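See below for the structure under consideration.
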Amino acid sequence: MPDITRRHTGPRMSQIVIHNGIAYLAGQVGTPAASITQQTNDILGQIDTLLAEAGTDKTNLLTAQIWLSDIASQFGEMNAAWEAWVPEGHAPARWTGEAKLATKDFHVEIIVTAAI
């Protein structure tokens, strides 16, 4: 049987799943209807907290998947917050796309994986 740890598990998902030395985080969203910068900073703070709980940090990020509700108008503002947060030399493999998020008040969602 595989050694899998799940944290903050509900009927739909877990916020953290740990397996084989990798922490997989669920998609994180920020304060509804806040600015792109505020939502991104909220999310990055939540990611810091969850990674610490998993026994790792942002210097061990492997991948980041970012969804924006309007990539054309939000990409630059989100990137400014992201680039201020990611430690130099520790940028993960990253992809960014546009999607309708859970509600019209969410404009950014970020999903990461990290080595432990």
Side-chain angles (χ1 to χ4, degrees):
M1 181 164 236
D3 182 24
I4 300 172
T5 301
R6 300 175 203 285
R7 297 194 178 148
H8 308 288
T9 300
R12 185 173 301 159
M13 66 183 198
S14 298
Q15 289 296 317
I16 307 168
V17 175
I18 300 169
H19 177 65
N20 283 343
I22 305 293
Y24 302 86
L25 272 55
Q28 302 297 308
V29 293
T31 303
S35 70
I36 302 307
T37 298
Q38 182 63 53
Q39 287 192 24
T40 303
N41 285 331
D42 290 348
I43 293 164
L44 298 175
Q46 291 164 202
I47 288 171
D48 281 334
T49 298
L50 292 169
L51 289 174
E53 184 177 334
T56 190
D57 62 40
K58 62 189 172 187
T59 64
N60 295 313
L61 288 175
L62 300 172
T63 64
Q65 182 177 10
I66 301 173
W67 294 105
L68 298 170
S69 62
D70 181 355
I71 198 166
S73 69
Q74 300 164 340
F75 192 67
E77 190 174 345
M78 178 279 300
N79 271 331
W82 174 266
E83 290 168 6
W85 177 77
V86 174
E88 186 174 341
H90 296 279
R94 189 188 107 167
W95 51 99
T96 305
E98 181 176 288
K100 288 184 180 179
L101 300 179
T103 75
K104 66 178 180 63
D105 292 327
F106 291 129
H107 302 295
V108 183
E109 182 172 355
I110 302 176
I111 306 155
V112 301
T113 61
I116 297 175

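Keep in mind that the numbers below use all heavy atoms, side chains included, and drop hydrogens, waters and symmetry copies. In this text the structure is predicted, and so the values were computed from the model without any measurement. Throughout, residue positions are numbered sequentially from 1 according to the sequence presented.
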Answer yes or no: is there a donor N or O on one side and an acceptor on the other, between the side chain of E98 and the main chain of L68, under 3.5 Å?
no
Does any donor atom in the side chain of R94 or T96 lie under 3.5 Å from an acceptor atom in the other side chain?
yes
Say you draw a straight line from [atom1] of [X] to [atom2] of [Y]; how long is it, rounded to the nearest 0.5 Å?
X: E83; Y: M78; atom1: CD; atom2: CE; result: 8.5 Å
X: Q39; Y: I110; atom1: CD; atom2: CD1; result: 10.0 Å
X: I43; Y: D48; atom1: CD1; atom2: CG; result: 12.5 Å
X: I22; Y: N20; atom1: CD1; atom2: CG; result: 8.0 Å
X: T40; Y: W85; atom1: OG1; atom2: CH2; result: 11.0 Å
X: Q15; Y: L25; atom1: CD; atom2: CG; result: 7.5 Å

For [X] and [Y], which heavy atoms make the closest approach, and how far apart are they?
X: L101; Y: F106; result: CD1-O, 3.6 Å
X: S14; Y: A26; result: O-CB, 3.5 Å
X: H19; Y: P2; result: CE1-CB, 3.8 Å
X: V86; Y: P92; result: CG1-CD, 4.5 Å

Given the rule in the side chain to side chain contact (heavy atoms under 4.5 Å, CB included) test, do L61 and L51 qualify, once you have shown the distances and angles that lead to the verdict?
CA-CA 9 Å; L61 288 175; L51 289 174; 4.0 Å; yes
Can you check side chain to side chain contact (heavy atoms under 4.5 Å, CB included) on H8 and E53, steps first, answer last?
CA-CA 11 Å; H8 308 288; E53 184 177 334; 2.8 Å; yes
Step by step, work out the side-chain hydrogen bond (donor to acceptor under 3.5 Å, both in side chains) result for T59 and D57.
CA-CA 6 Å; T59 64; D57 62 40; 2.4 Å; yes
In terms of hydrophobic clustering (I, L, V, M, F, W, Y; side-chain heavy atoms under 4.5 Å; direct or indirect links), are I47 and I116 co-clustered?
yes
Is I18 linked to L62 within one hydrophobic cluster, defined over Ile, Leu, Val, Met, Phe, Trp and Tyr using a side-chain heavy-atom separation of less than 4.5 Å?
no
Only counting residues at least two apart or in another chain, list the ones meeting side chain to side chain donor-acceptor pair (under 3.5 Å) with D70.
S73
Contacts of S69 meeting side chain to side chain donor-acceptor pair (under 3.5 Å) (sequence neighbours excluded), chain-then-number -> Q74, H107
Just do the side-chain hydrogen bond (donor to acceptor under 3.5 Å, both in side chains) check on Q46 and D42 with the steps written out, would you?
CA-CA 6 Å; Q46 291 164 202; D42 290 348; over 6 Å; no
Please identify which of these residues, I111, V112, T49, L50, meets the side-chain contact (heavy atoms from CB on, under 4.5 Å) condition with Q28.
L50
Might you work through the side chain to side chain contact (heavy atoms under 4.5 Å, CB included) test for W82 and I66, ending with a clear yes or no?
CA-CA 10 Å; W82 174 266; I66 301 173; 4.1 Å; yes
Could you walk me through whether V108 and I36 pass side chain to side chain contact (heavy atoms under 4.5 Å, CB included), step by step?
CA-CA 7 Å; V108 183; I36 302 307; 4.0 Å; yes
